[in-house]
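All remarks here apply to the structure that follows.
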Amino acid sequence: MTIRRLNEAERALALADLPGWSADAERDGIRRRFVFADFIEAFGFMTKVALLAEKSDHHPEWTNVWNRVDMLLTTHDAGGLSQRDIALAAEIDALLG
Ligand SMILES: C[C@H](O)[C@H](O)[C@H]1CNC2=NC(N)=NC(=O)C2=N1
């Protein structure tokens with residue numbers, strides 16, 4: 001099955017379950033900033049996310065500055081926000097405990 005962009009109702013429903021995330025209209029994705037105690041904590045988190053991303057073949061766009069990770073999830077193959085982004089966001093949130 002080919003992956004498709006979510007419609008407005010699906011987006012609203014999905015975002016309601018992901019309180020830390022907000023819609024990025026310009027990129028048609030969702031983004032979240034993660035702040036940790038220091039670089040090691042941030043990089044440890046990124047390592048765990050990298051393993052999740054490889055497992056699901058779905059990869060974040062992100063930047064890291066010391067203890068901060070800024071992440072955007074969007075689906076290149078769909079040209080915007082898809083269920084894959086929502087699923088990965090939920091898995092990432094679960095990492096945080
Ligand atoms: C060929 C490979 O499966 C695709 O390029 C995958 C890899 N990771 C991906 N990650 C994201 N965020 N969007 C994609 O469309 C995507 N596609």
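Order of appearance sets the numbers: ligands from 1, and atoms from 1 within every ligand.
- Hydrophobic clustering (side-chain heavy atoms under 4.5 Å, transitive across Ile, Leu, Val, Met, Phe, Trp, Tyr) groups L96 together with L88.
- The main-chain N or O of V69 is never found under 3.5 Å from a side-chain atom of N64 such that the two would form a donor-acceptor pair.
- At a heavy-atom distance under 4.0 Å, only backbone atoms of T74 (N, CA, C or O) approach ligand 1.
- Annotation: T75 places no N or O atom under 3.5 Å from an N or O atom of ligand 1; distance criterion only.
- Scanning the protein for heavy atoms near atom 10 (N) of ligand 1, the closest one is H59 N, 3.0 Å.
- The side chain to side chain contact (heavy atoms under 4.5 Å, CB included) test with V49 is passed by exactly one of E54, H59, M71: M71.
- By the 30° and 60° cut-offs, the orientation of the rings of F34 relative to F36 is parallel.
- Of the candidates D57, I3, L73, D77, it is D77 that places a heavy atom closest to atom 17 (N) of ligand 1.
- Ion pairing between E61 and R27 holds under the 4.0 Å rule for side-chain N and carboxylate O.
- Of the polar atoms of D85, none of the N or O atoms is found under 3.5 Å from an N or O of ligand 1, judged by distance alone.
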